[in-house]
Amino acid sequence: MTEVAFFVGAIGAIGGAIAVVAMRNPFYSVLALVVHLVFLAGIFLLLRAQFIAAAQIVVYAGAVMVIYVFVAAYVGGIEEPMFDSSPMLRIVGPILAVALFVEISIAVLGSSLTALGTDGSDKIQGGFGTPEAIGKLMLEDFLIAFEAASLLLLVAAVAAIILAGRKKAQKEAA
Amino acid sequence: MTFDSPSIDYAALSPIIALTAGLVVLVLVAVFDSIKRFGSPIALLTLAVTAGCLIWQWDTNTDLVAGSLHFDGITVTLSLLCVVSAAVAVLLSIGDPAEKQTGRSDYLALLMGSVLGMVMLTQANNIITFFVALELLSIPLYALCATNLRKRDSLESGLKYLIIGSVGSATLLYGLALIYGTSGAMEFPQIAAGYLGDGTPDSINKLVGDPLTLVGIGMVTVGLAFKVSIAPFHQWTPDVYQGAPTPITAFMAVATKAAVFAIFIRFFLVALIGMVDGWDVMLAALAAFSMVVGNVGALAQTSLKRMLGYSGIAQAGYMLCGVIVATQDGISALVFYLAAYVAMNLAAFAVLVAHERRTGFSDDISSLRGLGRSKPLLAWPLTIAMLALAGLPPTAGFIGKLYLIEALVDADWTWLGVMIAIGTMISLVYYLRVVAAVWMSPEAEASPTDEIDTSGLPPAVAGGSAGDFTDGQAHRRWYLVLPAVIGAAATIFFGVVPQPLVEFAQQAGNALSAYIS
Amino acid sequence: MSAATWGWLVLLFPLLGSLLIGFSFRKIPPKVAGAVGIGAIFLAFLCGIGALIAVQGEPSESRHVASSLWEYASVGGFTIDLGIYVDPLSVFMVLVITGVSTLIHVYSYSYMQSDEGYHRFFSYLNFFVFSMLLLVLAGNFALLIVGWAFVGFASYALISYWYRRETATKAGMKAFVINVIGDIGLVLAAILIFRELGVVDYAAVFEKAPEVFSTNQWEVVAICLLLLVGAFAKSAQMPFHTWLADAMEGPTPVSALIHAATMVTAGVYLVARAHPLFELAPTAADLAAWVGVGTLLVAGTIAIVVTDLKRIIAFSTMSQIGYMFVAVGIGAYSAGMFHLMTHAFFKALLFMAAGSIISAMANRQNIDHMKGFGKAMPFTAVMLIIGALALSGFPGTSGWFSKDEIIDFASFRGGMYEVMAVGMLIGAFLTAIYSFRIIFRILPGKPCDEAQYLIDNGHVVHGEPGNPATGELEDTEVGYPGEEHHIAEQAPGMKIGMAVLGFLALVGGLLQIPGVDEVITKFLEPSFEDSIFVNSHPTVAEAWTGLGSGALISIVGIFTAWLLYVKKPGIPSRLEQRLQPVHSLLVNKWYFDEIIDFLIVNPVKAFGRFSNEIFERYVINGLTSGTVGVIRSAGGAVRDLQSGMLRGYAVLMLFGVVGLLLYFLIRSI
Amino acid sequence: MLSLIIWIPLVAGLIAAMAPQRFAAWIAGSGAVATLALVVVVLIGFDPGGGMQYVTDVTWIPGLGVDYNLGIDGLSIFLVLLTAVAWVPAIAFTASRGTERPGLYFLMLLAGETATLGAFLSQDLLLFVLFFDLMIVPFYFLFGIFGNDREGVTASSATLKMIVFTLIGSLLMLVGAIALAVISADGGALTFNMAELTARGLPSGSQNWIFWLFAAAFLVKMPAFPLHGWMPDAYRAAPLPALAVFSAVLSKVGAYGFLRVVLPMMPDATELFQTTMLILGLASIIYGSVMAFTKTDLRLILGFSSIAQLGFITAGIFALNTSGGEGALLQMINHGVIVVPAFLIVALIAERFGSEDIQGMGGLAKKAPVFAVVFLIVTMATLAIPGSPNFIGEFFIVNGLFQTNVAIAIIATSGMAFSAFYALRMYQRTMHNPLPDGADSREISVRDGLVIVPMVLITVVLAFCPQLIIHGSEPAVDTVVALSNVEAAK
Amino acid sequence: MDIEWYLVLSALLFTIGFTGVLIRRNPVVILLCLELMLSAGALAMLAFSRMLGDQDGQVMVLIVLVVAACEVVVGLGIVVAMFRRRLPLDVDDMKELKG
């Protein structure tokens with residue numbers, strides 16, 4: 001059962017990812033990413049990360065993607081020209097990427113870490129991945145990270161306002 | 001549901017608190033147009049308080065907030081360097097087009113955010129704080145690089161930095177995941193313990209030599225090397241340095257290095273100290289490669305900022321040596337070098353900012369011609385900064401190299417010491433080219449005089465005129481000249497009386513006495 | 001006063017004179033300068049006599065005195081004192097030098113009268129005498145080198161005295177460089193002496209040498225050969241002789257003083273001084289003698305064909321010094337010194353007379369143009385004849401006694417020395433021919449234009465100011481005696497100088513008549529008493545036999561000259577045509593200059609060109625620019641990669657990641 | 001005391017830079033004279049056999065084991081004296097001519113003096129390295145700012161080449177110095193104290209590579225063949241008074257470094273590489289001489305002749321015996337003393353001909369007999385005529401070489417013949433031969449005479465009594481060479 | 001299901017994202033690809049978290065989500081700013097800075 005779910009999720013996630021890269025219209029790419037994220041959330045569930053999966057759907061597919069869609073719509077769905085201004089990159093890039101994949105896979109498969117060969121369920125305790133558990137951790141052990149993340153959001157918001165907002169800046173820029 | 005709120009040592013946390021408070025105030029101030037002009041004083045005050053808190057906690061060496069942070073000598077010293085460079089950046093930003101366009105407080109809030117990230121990064125003690133602090137450091141910087149909205153270069157550099165930076169972050173994240181997975185821990189000391197296994201030689205070797213561990217180390221290295229612009233992950237550096245508003249470049253060039261080297265030290269020398277044999281040769285190769293690439297790349301540059309970008313690559317290579325040797329001396333040497341680097345680089349950038357403002361934003365080396373004759377207050381700091389970067393006595397740059405080489409030789413890394421020497425020789429050529437332009441060439445033909453006629457000047461910047469921001473009196477502005485002069489003076493002072501700075505640096509070195517000799 | 005004090009005084013006066021004249025050249029009139037110069041040397045001469053008396057006042061065995069002013073330099077046991085050594089030999093040299101110098105100063109006083117650099121001339125001249133005296137009085141080999149080099153320097157300064165003549169400056173350079181080569185020989189000799197003996201003071205060296213060295217041990221031979229390099233260079237012996245003829249660019253009194261009477265004999269003095277070493281290294285001594293023979297023959301043959309009056313005399317000088325070298329080489333020290341003295345007399349005389357004629361010829365020196373000076377300048381003519389007679393060893397003259405004593409000694413030693421004796425006899429024959437060639441070519445006959453002018457007007461022709469060697473016109477401030485130069489032989493100074501020397505040249509030989517007085521031998525004996533030849537010398541009878549044969553040769557030679565140049569003046573030119581190759585060999589001075597150019601000068605020049613044009617440019621600068629080029633092209637590559645293409649950066653980054661991971665994967669195996 | 005000597009010039013320079021321009025020269029001059037006076041005071045109280053004297057030893061950077069350790073002994077005292085002496089005419093000459101931006105000029109010149117004195121007086125290896133590096137910086141500015149552009153080579157590029165070349169060496173030396181201290185500390189307390197380092201000794205294997213790091217620095221500085229690539233351009237660019245002290249004193253620091261650092265601290269390597277160094281010295285002698293007589297630029301003639309002289313000095317040092325070492329030391333002084341007037345004379349000649357190329361010169365002696373005589377003395381000393389102090393130096397060097405290697409000694413003497421040729425050629429081509437049109441045969445002025453003649457007089461005095469220097473320095477040289485010469489030690 | 005598989009999947013997603021950065025020219029799409037890379041990292045983190053039975057990894061992933069969002073916001077902000085400046089939205093055209 002798990003295997004089937006995994007492969008379905010994996011194929012969906014991979015397909016979504018490939019579509020993101022392959023779609024020539026950014027608008028479609030955004031939609032493909034949404035698909036990818038949804039399938040990925042499914043895999044997260046398999047990993048007993050319910051809260052993360054939910055957050056992924058809500059925050060990402062729900063909120064972030066909306067911004068993407070807006071921006072994509074705002075700047076227009078420009079289709080990329082087929083020709084590449086640097087064909088070398090088009091060849092060398094993927095070759096290197098494949099090499100990277102091979103290397104990581106070798107490392108994973110060649111690793112002597114025995115736990116890798118398990119599904120890890122023997123160590124799982126009750127309440128694993130639940131919002132309570134995560135929330136507790138966030139407010140106890142990782143309070144600083146949590147605060148930092150919130151400040152990061154604040155800063156990012158300010159940055160976004162500076163860059164995209166300001167009427168005055170627009171006027172000056174024009 | 002109950003929470004066991006972690007015990008928090010507010011005294012040691014005070015720098016972060018102060019910065020956060022300042023950041024929030026600045027954001028609030030940004031809302032009200034009428035008090036925006038107080039942005040700079042507020043930012044300076046914040047930084048001053050932060051610095052005060054750091055000095056107040058000089059001797060503290062403790063875990064904070066359930067081990068998320070670790071406050072020690074490394075934190076204090078390197079945070080101070082970040083704070084100082086931020087303060088200088090604030091001063092240099094006064095009147096900068098980027099600052100004016102973005103509304104002062106917003107801009108400064110971003111700056112504060114970045115400083116906060118840095119200060120946090122210097123004490124980050126687990127993977128999560130490490131990652132989030134690094135992002136808190138980087139994301140505002142991406143934005144800041146793009147803040148000169150009317151300048152195409154600025155936007156371009158912001159986007160390039162962001163994209164490449166995010167690739168770096170993703171790689172780092174992946175590496176961190178592997179480290180987490182193989183060691184089974186988040187906190188650095190626990191990671192080290194995790195790799196030690198149950199203490200039997202067999203278990204140590206198994207994990208230390210495990211391909212997954214090593215791949216993880218490799219990817220973390222890439223992420224960090226990217227941030228401090230170690231070749232071959234350096235390529236963003238010259239472009240971003242050149243495109244970003246100069247005060248930001250100044251800040252980025254020194255503060256980022258200080259903060260990221262802090263985590264470099266903490267991660268490699270605490271978490272990964274067990275496999276030092278695994279990564280030292282790799283880091284040494286990167287350092288050497290960096291020295292070569294940075295130095296040869298800088299040779300034919302005509303833009304001073306670009307040249308400083310390349311030189312930063314080489315300097316990062318030198319600094320990395322301090323990590324490689326994995327000794328307390330090495331850390332001290334690195335911190336010393338960073339401190340010297342802060343002084344000399346900020347002096348150079350301060351001069352550069354003043355010069356740019358005066359001449360309509362030209363950072364071409366040839367535009368410096370005749371500066372020695374006409375503007376000694378700019379020429380001397382620049383000269384001293386260049387000589388110091390080149391590692392000539394009697395500057396802190398020389399002592400810094402000396403310290404590094406001493407640490408290297410002491411740990412049997414003499415060949416890296418020789419590499420530093422060779423790199424320095426190459427670097428002489430371009431540093432001294434600046435000196436030669438300042439002192440040894442006749443005044444540039446189109447050299448702007450004090451009463452500059454901006455209308456006659458061609459737009460010096462691609463895609464727009466900066467005329468509004470040109471300031472013919474820039475070389476008399478205290479907020480530009482003061483950092484330059486203080487930086488230069490510090491460079492000389494610590495070249496002649498290095499002992500205080502050595503002790504400062506040793507404060508950092510001693511912090512890790514539990515892990516390394 | 002002790003002999004040493006006299007010795008120091010001898011040194012002091014010429015130095016003072018030189019400095020005084022040099023420093024006050026703007027203040028004192030020329031005549032005063034000249035007088036100071038003469039006075040200084042004359043005082044030195046008087047002090048020399050004082051030294052003589054002081055030395056003679058001592059018993060024979062303690063007639064050498066060493067005296068040191070202060071420690072000059074002392075490193076690692078190598079101690080050099082600023083010290084002098086006074087013994088009969090040095091006193092003898094002092095007397096010859098100061099005596100002849102005084103006369104030449106007197107001559108110069110008139111001869112240089114209208115020259116622009118009168119002060120300079122006398123200052124140099126005094127300095128030269130000081131150097132020469134330092135050379136002969138030096139108490140150790142190191143100080144000897146100093147004197148030796150000072151003499152070379154003074155010679156250089158005086159040769160290029162007319163410094164705006166390029167021929168003169170070139171000649172000066174040549175003389176100086178060859179002299180320096182000699183100095184180097186001496187330096188190495190001194191160092192070798194120190195290495196072997198640990199001392200460089202004469203007294204100590206000569207005392208220790210027999211204890212340390214066995215006969216013909218290679219070290220001592222090497223020392224002597226190195227000393228000979230110095231001696232040959234200074235005394236113009238083959239193959240270091242080429243500078244001497246060129247040195248005739250200097251004013252004639254300089255030629256008389258330096259290149260005839262004093263400096264060139266320094267080599268002879270050196271061998272005589274170092275005779276204890278040479279006697280331990282007979283090979284080297286023989287070499288000295290053989291080189292002497294060779295030089296005297298080569299120089300004699302050249303002197304027969306060259307036409308430049310001063311150069312004939314210069315080659316003759318070489319030849320006569322050859323005799324002296326033979327003398328000191330075979331152990332006839334006092335004979336050598338005696339010949340040195342008589343040669344000083346008659347050769348200085350010849351030069352003075354020649355100078356007189358040259359000034360009458362408006363500085364032209366080619367004997368082909370000279371005729372009839374017998375009538376024009378009778379006094380000079382007489383002096384010239386006296387000089388020539390003495391030079392060719394005409395019976396009764398000083399040269400007869402001195403030269404033949406050497407030949408006698410050579411035949412007395414027998415063996416290969418007989419061969420030397422024969423060579424010297426041939427040389428004597430050549431000497432007679434070329435000396436009377438001068439006489440017969442320029443004295444008799446119908447006076448040439450210049451001579452006639454002198455007869456008619458009572459003063460000399462004023463020619464165009466020009467370089468006698470090249471004919472190039474010059475401005476009047478250099479080397480040109482000037483419009484007011486009316487002296488020829490009339491000036492009293494010149495007459496006095498020539499007359500005294502003429503007298504000495506005639507009767508000087510009487511000091512050393514075999515079996516009669518032998519003053520020189522007896523006087524010098526304390527200096528040579530340690531010599532192995534001190535008690536073996538030709539008997540009186542043998543000596544007189546030698547003198548007889550010498551007289552015969554000389555007379556035959558003079559007769560031959562008469563035959564060639566007076567009786568049948570066509571013969572020389574016919575011979576010239578018949579023996580064209582021989583003639584050109586001789587006229588070109590046996591091609592020594594060319595050979596040296598080919599062997600040494602040209603290779604060095606080529607090396608210089610190579611260094612400059614190839615090595616410096618391609619290797620030294622090439623290395624630099626090559627390194628710079630590599631670095632620059634590396635920089636170019638870095639900048640090319642920095643294309644501005646974001647995706648390019650990402651690719652490089654990925655490349656870095658892949659590379660790093662590959663490294664780690666390989667490591668993990 | 002020694003600190004005063006070192007820092008007075010710099011302070012004077014700073015004051016001169018701040019003060020109104022018309023006082024700059026006076027302030028600078030009095031600074032140099034005051035330094036000289038202090039050095040003389042030190043000299044009077046100096047005891048030749050007393051080892052290190054006037055020691056100042058203050059901890060400077062305890063964290064790095066670096067001390068501010070000054071001292072003077074027989075090895076350095078005369079070089080210090082030479083430095084203090086040489087700067088006075090250089091400043092006086094500049095002052096008499098005037099210069100643009102005098103404040104900056106004198107600041108740099110005096111900073112150079114401070115650094116040079118520092119290098120001679122340092123008894124801490126790292127302090128020595130620091131001053132050694134520092135020396136080049138003021139001269140970089142002097143040559144670059146106040147220098148002349150020549151065809152194809154600007155002053156700034158020429159000086160860039162110079163500083164890069166010399167710093168290549170000194171940076172390697174920095175590594176070497178640290179390695180030396182670290183290795184000899186062998187885990188113990190790190191120190192750079194020279195005496196202590198000498199006493200500790202170094203394993204032979206390490207000596208072998210550290211030796212070359214130091215040798216590189218010193219040979220470039222001298223400069224020695226084949227590391228002299230920077231010299232021609234830099235010499236042609238430099239302003240002459242600065243060049244005079246540069247050539248007179250700075251080149252000696254390299255040779256001094258061999259005596260002070262290499263011989264005592266790396267005796268095994270010194271012995272091992274003795275022949276190599278001798279051959280290098282020999283190559284410098286011959287190459288420098290040959291180049292000197294093919295060049296027509298007066299500065300280059302002097303420059304290449306310096307290479308030859310430094311070759312002699314190197315050879316003397318590596319004779320590894322007292323005679324060679326003492327000869328080398330003597331020769332350093334002599335060469336320094338004579339080069340200063342030589343370069344100043346070049347300046348005077350250039351003023352009279354409007355060029356520094358001996359082609360087209362000549363006849364200057366015509367109306368300038370005093371000038372000619374002064375130059376003649378300089379020339380004769382340059383070619384080391386016996387009787388000059390230079391000769392005594394060469395004599396003892398050759399003597400020292402002779403004890404070590406006869407063949408090298410004999411070839412080295414050929415340098416004497418070469419020097420006779422090139423020095424005389426230089427003299428003749430300027431002073432003798434016909435005077436070209438348009439040249440100004442002018443007598444040396446009293447003012448210039450007062451600057452140049454005292455230096456010449458020093459040579460004359462030394463000619464009479466070189467023992468003055470030998471006496472003061474021999475014990476020190478003896479100690480140094482004894483360390484590296486096993487035979488002598490036995 | 002073995003953890004290995006999750007890791008291989010995450011590696012694949014990471015490389016796909018990286019490839020996208022390498023070959024795409026539209027900055028908006030490149031930002032999407034960066035999301036892919038980050039989520040690949042998050043997947044690996046979660047897989048390890050599960051393997052170790054340690055929830056710290058999940059907290060990390062949560063933070064990563066925030067970070068990714070922030071990056072996107074800033075990135076899109078720059079894109080918008082560029083668009084307003086009428087700059088071409090093509091990373092290959094951003095070559096003002098080079099050398």
Side-chain angles (χ1 to χ4, degrees), chain A residues 47 93 96-97 100-117 120 123 127 130-174, chain B residues 1-6 8 13 16 20 23-24 27 30 64-69 101-103 106-107 109-110 112-114 116-117 120 124 126 128-129 131-133 135-136 139-140 142-144 146-147 149-150 155 158 174 178 181-182 184 186 206-207 209-216 464:
Chain A
L47 289 168
L96 284 173
L100 178 64
F101 173 65
V102 170
E103 283 178 345
I104 299 178
S105 303
I106 290 174
V108 170
L109 300 174
S111 172
S112 54
L113 208 64
T114 43
L116 279 177
K123 291 192 178 157
T130 57
E132 294 85 0
I134 305 295
K136 198 171 152 57
L137 272 180
M138 283 279 233
L139 291 180
E140 288 175 5
D141 289 4
F142 301 111
L143 181 63
I144 286 291
F146 179 67
E147 297 295 339
S150 56
L151 284 171
L152 181 57
L153 279 170
L154 172 66
V155 168
V158 173
I161 292 170
I162 289 177
L163 293 169
R166 291 296 153 104
K167 284 273 182 320
K168 210 170 119 202
Q170 283 171 36
K171 219 178 279 169
E172 277 171 2
Chain B
M1 181 143 185
T2 53
F3 290 102
D4 308 321
S5 63
I8 296 173
L13 207 56
I16 290 180
T20 313
L23 166 61
V24 172
V27 173
L64 290 177
V65 199
S68 299
L69 301 178
Q101 287 173 66
T102 51
D106 299 4
Y107 171 94
L110 290 182
M112 286 305 118
S114 189
L116 179 58
M120 214 176 266
N126 68 25
I128 299 181
T129 27
F131 187 71
V132 74
E135 289 301 317
L136 185 52
I139 290 177
Y142 303 151
L144 282 169
T147 45
L149 295 168
R150 299 201 304 177
L155 289 169
Y174 205 95
L178 296 181
T182 48
M186 277 285 177
K206 212 173 73 185
L207 280 172
D210 194 79
L212 207 54
T213 314
L214 291 175
V215 166

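A note on names: the letters A, B, ... follow the listed sequences, proteins ahead of strands, and every chain is numbered from 1.
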For a quick test of reading the model, state the closest non-hydrogen atom pair linking [X] to [Y] and the distance between them.
X	Y	result
N126(B)	F142(A)	ND2-CE2, 3.2 Å
L110(B)	V158(A)	CD2-CG1, 4.2 Å
A66(B)	E140(A)	CB-O, 4.2 Å
T129(B)	A145(A)	CG2-N, 4.1 Å
L149(B)	I162(A)	CD1-O, 3.8 Å

Determine whether I144(A) and V132(B) satisfy the following criterion, side chain to side chain contact (heavy atoms under 4.5 Å, CB included), listing intermediate values before the conclusion.
CA-CA 9 Å; I144(A) 286 291; V132(B) 74; over 6 Å; no
Tell me, do L23(B) and V155(A) make a side-chain contact under 4.5 Å, heavy atoms counted?
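Result yes, sub-4.5 Å side-chain heavy-atom pair found.
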Answer whether the closest heavy-atom distance between the side chains of I8(B) and L143(A) falls below 4.5 Å.
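Yes - at least one pair of side-chain heavy atoms lies under 4.5 Å apart.
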With a 4.5 Å cut-off on heavy-atom pairs, point out which of V65(B), L64(B), V215(B), V24(B) contacts chain A the most.
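Ranked by contacts with chain A, first place is V65(B).
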Name the region of [X], side chain, backbone, both or neither, that has any atom closer than 4.5 Å to a heavy atom of chain A.
X	result
L212(B)	both
Y142(B)	neither
L136(B)	both
L116(B)	side chain

To the nearest 0.5 Å, what is the distance between OG1 (T147(B)) and CG (L163(A))?
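Reported to 0.5 Å precision, the distance equals 7.5 Å.
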With rounding to the nearest 0.5 Å, note down the distance linking CG in L151(A) to CE in M120(B).
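Nearest 0.5 Å value for the CG-CE distance: 6.5 Å.
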Under 6.0 Å from the CZ atom of F101(A), do we count more than 12 heavy atoms belonging to anything else shown?
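Result for CZ/F101(A): enclosed.
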Is L154(A) close to chain B through its backbone or its side chain, or both, or neither, when contacts mean heavy atoms under 4.5 Å?
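Contact with chain B is through the side chain of L154(A) alone.
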